[in-house]
Undergrad: 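I'd like to ask some things about the structure below.
In the text below, chain A, chain B and the rest are named by the order of the sequence lines, each starting its count at 1.
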Amino acid sequence: MAASQPVIRVEGLHKSYETPAGPFPVLKDVNLSIAPGEFVAVMGPSGSGKSTFMNILGCLDRPSAGHYVLDGRSVDELSKDELALLRNRTIGFVFQGFNLLPRMNLEDNVALPLVYYGVDREERRARAREMLQRVGLGNYAKSLPNRISGGQQQRVAIARALVNQPRLILADEPTGNLDSHTGEEVMTLFDEFNREGITIVLVTHEADIARHAKRQVRFLDGCIVHDGPTEHPDDNPSHPPLVRGGADLGRVETPSPDKGRDGEGLACLE
Amino acid sequence: MLAAMLGEAWHAMGANRLRTFLTMLGMVIGVGAVVLMMAVGQGAQYAVSQSISSMGSNLFILISGSTTSGGVRSGSGGAPSLTVVDAEAIAELPGVQAVAPVHTGRTQMVYGPNNWSASTYGTTPSYLDVRSWTMASGYPFTESDLRSSTRVALIGKTVADNLFGDEDPVGKTIRVGQSPFMILGVLAAKGQSLDGRDQDDTMLIPLTTAQRKVYGTPFQGAVRMIMVQAETASGMPAVEKSMVSLLRQRHRLREGVDNDFYLRNLAEVADSAAETARIMSMLLGAIASVSLLVGGIGIMNIMLVSVTERTREIGIRLAIGSRERDILLQFLLEAIIISVVGCFIGLVLGVGGALLANALTDAMVVISGSSVLVAFGVAASVGVFFGFYPARKAARLDPIEALRYQ
Ligand SMILES: Nc1ncnc2c1ncn2[C@@H]1O[C@H](COP(=O)(O)OP(=O)(O)OP(=O)(O)O)[C@@H](O)[C@H]1O
Ligand SMILES: [Mg+2]
């Protein structure tokens with residue numbers, strides 16, 4: 001029962017930005033449910049509200065209306081400190097611009113979430129090293145971020161996002177600043193962590209990147225216009241073969257609300 | 001967590017050394033100035049309290065006016081109104097500890113090739129008690145010296161140094177005017193008086209010797225001055241009252257006639273001198289505090305700049321789970337470190353400056369542990385006070401806005 005409870009459940013989500021010209025609606029009635037262990041790609045044209053949506057999922061921003069239940073907790077009711085706690089323990093962020101702290105070496109960067117978790121120094125160090133090892137940068141622990149390539153920086157950012165063993169990774173265009181080859185390297189890491197059961201929601205513009213996900217959600221003008229499993233062309237050998245089969249697909253499909261998926265899209269297009 | 005934050009604060013400050021240094025300099029100068037000024041002020045207070053205690057405690061000085069006979073003032077050439085018998089009568093009053101009539105003057109003294117001029121007081125043996133004056137060597141003169149007006153003298157340290165140098169003056173004979181005087185003893189050093197005179201530049205001789213053989217006054221038994229010591233400080237008002245009425249009675253002054261003597265309560269003089277010194281030292285401290293304030297504003301200014309510069313960093317920290325209070329603490333720590341380190345350096349420089357001033361000048365400079373502690377506490381509070389606003393500004397940033405900041 002607990003296992004099937006969605007990690008993310010969003011109902012009737014609205015978000016408007018206050019502008020001098022009045023409120024500017026960006027998200028209009030977004031409904032989405034994501035089960036534990038899912039790998040979801042969020043796609044859609046520029047300005048369709050993907051980042052806005054991700055920020056709300058990440059508890060960095062609050063919705064104007066609607067409900068958001070993260071890991072069984074209703075986020076709307078939480079205090080600032082409780083939100084910080086969620087960001088620290090439940091969610092790992094990966095940004096397009098890496099967002100490492102430039103003055104700190106990689107080890108300290110990776111260990112930073114543990115500081116706010118109250119982990120002692122020795123353990124912080126050990127866990128940061130272990131994570132760096134996992135993303136293939138074990139030898140760079142003492143380097144500064146500006147001494148390594150963009151792909152490497154993004155791997156460090158992933159290590160940082162995962163060091164506190166969150167259930168959920170939110171990544172807004174993590175490969176946006178990378179060439180396709182390094183982008184693939186980074187995606188392999190996401191695949192790996194997803195296989196270990198971590199839920200991943202990832203925004204991307206690139207179909208090649210989105211193909212790593214098992215489910216794709218398409219935004220248009222602040223609405224979800226498509227939500228379904230990723231279709232894999234059988235003749236594409238460059239991707240790691242995903243486990244396909246009734247059970248897997250079923251698991252992906254089950255939590256997604258069946259009703260009105262296309263209808264929503266239509267409502268938005270009107 | 002605190003250790004990690006201290007490390008980070010250190011890092012952040014190290015990243016911009018020149019700026020950190022300049023900010024600190026404001027505190028260094030502020031604290032240095034406060035410490036130095038407080039040392040100077042306390043030095044002045046100390047000097048005053050030294051003079052006060054060297055003066056003797058619970059003292060009155062009675063100074064002769066001129067006698068009036070039949071309503072006619074005899075003017076400055078007349079006989080002093082106070083007499084040795086007055087002094088003896090005052091000594092009998094309740095609450096009076098000791099009384100010493102004094103005949104003041106200045107004499108030229110010669111020993112071998114050296115000569116020196118010093119205040120020479122003709123007085124009684126009780127003078128030493130009244131002034132709480134002890135002997136460095138030798139013995140004081142006695143009542144019998146007084147009775148027979150012997151030519152004996154006690155000299156102060158300055159006189160001894162100037163006439164005798166390294167020689168031991170006790171038992172030696174000096175010449176005062178035409179007469180030989182034997183040195184019975186040397187008085188313990190007392191230093192400066194409240195009005196800045198050297199109290200050790202003094203010679204004491206028996207009162208009768210002074211009157212008959214040195215100054216040759218025509219008014220035997222009359223004295224310029226009587227020093228009176230009360231038993232207790234609280235008893236001074238009562239003693240003052242009874243002395244005045246006793247003297248008025250003895251001098252047969254009728255109701256409505258002015259006193260023919262002046263009375264000064266030295267305890268009051270001492271109090272007002274101490275008060276003056278205290279106010280001066282407070283004033284110095286206040287002026288120096290202004291520079292501390294300026295230093296604090298410098299910290300606030302730099303912390304505000306730093307918060308703006310590091311907006312994005314704050315956004316990242318918020319995104320990975322720091323709470324508002326973590327950010328607040330981080331920036332507050334930086335401000336406190338700057339002010340406390342600055343304070344420490346300022347302390348070292350201030351104390352160093354004070355010691356240097358002590359070594360190079362004879363102005364007394366006193367550093368007390370409490371002033372050092374106060375300076376430290378103030379510096380830490382300055383850090384908290386001026387660091388709080390920028391730190392709170394940092395902590396209140398909206399995570400999204402901060403992350404978007406370029
Ligand atoms: N702080 C803001 N104030 C006002 N409008 C905003 C703000 N942030 C975003 N918007 C607007 O909201 C809309 C959606 O922005 P959002 O960043 O969510 O789009 P996106 O789907 O992530 O686009 P992209 O693919 O280019 O990253 C845009 O039209 C944008 O101009
Ligand atoms: Mg975006």
Undergrad: With only heavy atoms counted, which part of Arg160(A) is less than 4.5 Å from chain B, the side chain, the backbone, both or neither?
TA: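 Side chain only.
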
Undergrad: Return yes when atom OH of Tyr17(A) has more than 12 non-hydrogen atoms of other residues, nucleotides or ligands closer than 6.0 Å, and no otherwise.
TA: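 Yes.
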
Undergrad: Non-hydrogen atoms of chain B under 4.5 Å away: do they reach the side chain of Arg121(A), the backbone, both or neither?
TA: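 Contact with chain B: none, neither part.
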
Undergrad: Would you name the heavy atoms of Arg87(A) and Leu318(B) that are closest together and state the gap between them?
TA: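 Residues Arg87(A) and Leu318(B), closest heavy atoms: NE-O, 2.7 Å.
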
Undergrad: Looking at Glu401(B), Glu324(B), Met5(B), which one has more heavy-atom pairs under 4.5 Å with chain A than the rest?
TA: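 If we count pairs closer than 4.5 Å to chain A, Glu324(B) comes out on top.
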
Undergrad: What is the distance from atom CZ of Arg396(B) to atom NZ of Lys80(A), rounded to the nearest 0.5 Å?
TA: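 The NZ atom of Lys80(A) is 7.0 Å from CZ of Arg396(B), to the nearest 0.5 Å.
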
Undergrad: Restricting to non-hydrogen atoms, name the atom on Gly321(B) and the atom on Tyr116(A) that form the minimum distance, rounded to 0.1 Å.
TA: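 Shortest heavy-atom contact: O-CB, 3.8 Å.
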
Undergrad: Before giving the answer on side chain to side chain contact (heavy atoms under 4.5 Å, CB included), spell out for Leu112(A) and Glu8(B) the whole-Å C-alpha distance, their side-chain angles and the decisive distance to 0.1 Å.
TA: CA-CA 10 Å; Leu112(A) 199 55; Glu8(B) 281 190 29; 3.3 Å; yes

Undergrad: Starting at CD1 of Ile400(B), measure out to CG of Asn55(A) and round the result to the nearest 0.5 Å.
TA: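 Ile400(B) atom CD1 to Asn55(A) atom CG measures 3.0 Å (nearest 0.5 Å).
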
Undergrad: Within the supplied structure, the quantity of interest is the number of heavy atoms (other residues, nucleotides, ligands) at a distance under 6.0 Å from Arg19(B) CZ; does it exceed 12?
TA: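 Yes - once you tally the heavy atoms of other residues, nucleotides and ligands closer than 6.0 Å, there are more than 12.
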
Undergrad: For Ile316(B), is it the side chain, the backbone, both, or neither that has a heavy atom closer than 4.5 Å to a heavy atom of chain A?
TA: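 When you check distances to chain A, only side chain atoms of Ile316(B) fall under 4.5 Å.
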
Undergrad: Give a yes or no on this: more than 12 heavy atoms of other residues, nucleotides or ligands lie within 6.0 Å of atom CZ of Arg404(B).
TA: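 Yes - once you tally the heavy atoms of other residues, nucleotides and ligands closer than 6.0 Å, there are more than 12.
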
Undergrad: Please check if the number of heavy atoms outside Tyr140(A) that lie under 6.0 Å from its OH is greater than 12.
TA: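 For Tyr140(A), atom OH is not crowded (no more than 12 foreign heavy atoms under 6.0 Å).
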
Undergrad: Quick check: closest heavy atoms across Phe95(A) and Ala319(B), and the distance to 0.1 Å?
TA: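 What the structure gives for the nearest pair is CZ-CB, 3.8 Å.
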
Undergrad: Measure the shortest side-chain to side-chain distance between Arg317(B) and Leu101(A) over non-hydrogen atoms and say whether it is less than 4.5 angstrom.
TA: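 Sidechains of Leu101(A) and Arg317(B): in contact.
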
Undergrad: Is it the case that over 12 heavy atoms from other parts of the model lie below 6.0 angstrom from the NE2 atom of His205(A)?
TA: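 It does: His205(A) NE2 has more than 12 such atoms within range.
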
Undergrad: Sort Ala3(B) into side chain, backbone, both or neither according to what part of it lies under 4.5 angstrom from a heavy atom of chain A.
TA: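 The answer is neither part of Ala3(B).
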
Undergrad: To the nearest 0.5 Å, what is the distance between CZ on Arg312(B) and CG on Asn99(A)?
TA: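 Answer for the CZ-CG pair, Arg312(B) versus Asn99(A), is 4.5 Å.
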
Undergrad: Between Ser322(B) and Ala84(A), which heavy-atom pair has the shortest distance, and what is it?
TA: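 Shortest heavy-atom separation between Ser322(B) and Ala84(A) comes out as O-CB, 3.7 Å.
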
